[in-house]
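Each remark here refers to the structure printed beneath this line.
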Amino acid sequence: AHQQTASSFAVGGFRVDLGHYVRSRWEANYARYLNLIGRRYAYEPSVFTVTLPDGTEHCCRPDFLVSNACFVELRGWNRGDPTRDDILLAASTQLPKPLIILRRPEYLALQEQSSRLIPLWEFDKSQRPGQER
């Protein structure tokens with residue numbers, strides 16, 4: 001079973017309640033939220049090649065395909081990787097389905113709304129129930 005640790009933001013691993021691997025707490029929680037609202041999803045279902053305005057090609061693997069209707073990418077902590085944002089911007093016009101980017105403010109709003117309804121919700125090491133920012 002997964003154990004929370006305070007050593008890492010990401011905490012990737014297999015989640016028994018989800019039945020699959022995720023790369024982060026945020027992804028685990030978002031999958032739990034989708035289950036709560038009854039939406040089917042595929043986790044990292046495909047890799048796409050997107051072309052940036054300068055002609056360079058990059059791989060893009062959206063986090064979720066939700067209800068076979070749209071892709072969702074969780075993008076919380078900016079780790080100083082502007083290229084990743086450029087790739088997502090290009091992907092938003094080049095993927096075969098719409099791409100929704102869930103950033104930190106949207107994620108925290110979702111957490112405030114849903115964390116009390118989902119027993120296994122995982123909080124970041126700096127946050128615990130009742131400490132949402």
Side-chain angles (χ1 to χ4, degrees):
H2 171 73
Q3 293 184 343
Q4 290 188 23
T5 67
S7 63
S8 169
F9 165 72
V11 189
F14 185 84
R15 302 307 200 267
V16 174
D17 63 310
L18 299 174
H20 62 81
Y21 175 91
V22 291
R23 296 180 192 277
S24 71
R25 291 180 180 123
W26 281 27
E27 291 176 357
N29 290 336
Y30 189 72
R32 292 177 180 118
Y33 169 75
L34 292 172
N35 287 335
L36 175 73
I37 64 171
R39 293 285 177 93
R40 292 178 304 113
Y41 70 86
Y43 179 70
E44 294 190 344
S46 302
V47 178
F48 300 96
T49 300
V50 297
T51 305
L52 297 186
D54 67 4
T56 60
E57 293 185 337
H58 298 267
C59 291
C60 178
R61 182 190 310 259
D63 296 326
F64 294 92
L65 174 60
V66 179
S67 299
N68 203 30
C70 66
F71 293 104
V72 175
E73 175 73 19
L74 290 121
R75 184 83 174 120
W77 298 99
N78 184 349
R79 294 193 170 104
D81 185 7
T83 303
R84 183 70 183 143
D85 286 332
D86 293 341
I87 293 167
L88 292 175
L89 180 61
S92 69
T93 63
Q94 296 175 33
L95 295 184
K97 298 185 187 297
L99 174 66
I100 297 168
I101 301 170
L102 197 70
R103 297 190 183 277
R104 185 172 175 75
E106 293 88 6
Y107 176 83
L108 292 177
L110 177 71
Q111 176 173 276
E112 177 137 0
Q113 167 193 351
S114 303
S115 64
R116 290 171 188 84
L117 304 173
I118 300 173
L120 296 175
W121 191 273
E122 298 173 44
F123 289 88
D124 296 345
K125 66 181 179 179
S126 64
Q127 294 182 302
R128 296 290 177 245
Q131 296 180 357
E132 290 83 5
R133 288 185 241 178

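Residue Ile100 comes nearest to Cys70 through the heavy atom pair CD1-SG, 3.7 Å, listed as atom of the first residue, atom of the second, then distance. Heavy atoms only, all atoms of each residue included: Ala69 and Pro98 are closest at O-CD, 3.5 Å. For the pair Ala42 and Pro45, the tightest heavy-atom approach, listed with the atom from each and the gap, is O-CD, 3.6 Å. Minimum interatomic distance between Glu122 and Asn29 (heavy atoms only, all atoms of both residues): O-ND2, 2.6 Å. In terms of heavy-atom proximity, Arg84 sits nearest to Cys60 at NH1-CA, 4.5 Å. Arg75 and Ile101 make their closest contact through CB-CG2, 3.8 Å (heavy atoms, listed as atom of the first residue, atom of the second, distance).
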**Request:** Begin from the C-alpha positions of Lys97 and Asn68 and carry the test side-chain contact (heavy atoms from CB on, under 4.5 Å) through to its verdict.
**Result:** CA-CA 9 Å; Lys97 298 185 187 297; Asn68 203 30; 3.6 Å; yes

**Prompt:** Under the side-chain contact (heavy atoms from CB on, under 4.5 Å) criterion, do Tyr21 and Glu27 qualify, and how do the steps go?
**Reply:** CA-CA 10 Å; Tyr21 175 91; Glu27 291 176 357; over 6 Å; no

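Arg15 places a side-chain N or O within donor-acceptor distance of the main-chain N or O of Gly13, the cut-off being under 3.5 Å. Panel note: side chain Ser115, backbone Gln111; a donor-acceptor pair is recorded below 3.5 Å. For the pair Glu106 (side chain) and Arg103 (backbone), a donor-acceptor distance under 3.5 Å is present.
Rounded to the nearest 0.5 angstrom, Glu73 CD and Ile87 CD1 are separated by 10.0 Å. Distance CD1/Ile37 to CG/Leu117: 11.5 Å, rounded to 0.5 Å. Interatomic distance, Tyr33 OH to Leu102 CG, rounded to the nearest 0.5 Å: 9.5 Å. Atom CG of Leu99 and atom CG of Leu65 lie 11.0 Å apart (nearest 0.5 Å).
Using a 4.5 Å cut-off on side-chain heavy atoms (C-beta onward), Val22 and Tyr30 make no contact. At least one side-chain heavy atom of Pro62 sits under 4.5 Å from a side-chain heavy atom of Leu95.
In terms of hydrophobic clustering, with Ile, Leu, Val, Met, Phe, Trp and Tyr side chains grouped at heavy-atom distances under 4.5 Å, Leu74 and Phe123 are assigned to a common cluster.
Asn35 and Arg32 form no side-chain donor-acceptor contact under 3.5 Å, judged by distance and modelled atom types alone.
Checked against the 6.0 Å centroid criterion, the rings of Phe64 and Tyr43 qualify as a close aromatic pair.
Ion pairing of Arg23 with Asp63 is absent here, as no side-chain N (NZ or NE/NH1/NH2) approaches a carboxylate O to less than 4.0 Å.
Using bins of under 30°, 30° to 60° and over 60° for the plane-to-plane angle, the ring pair Phe71/Phe48 lands in the perpendicular bin.
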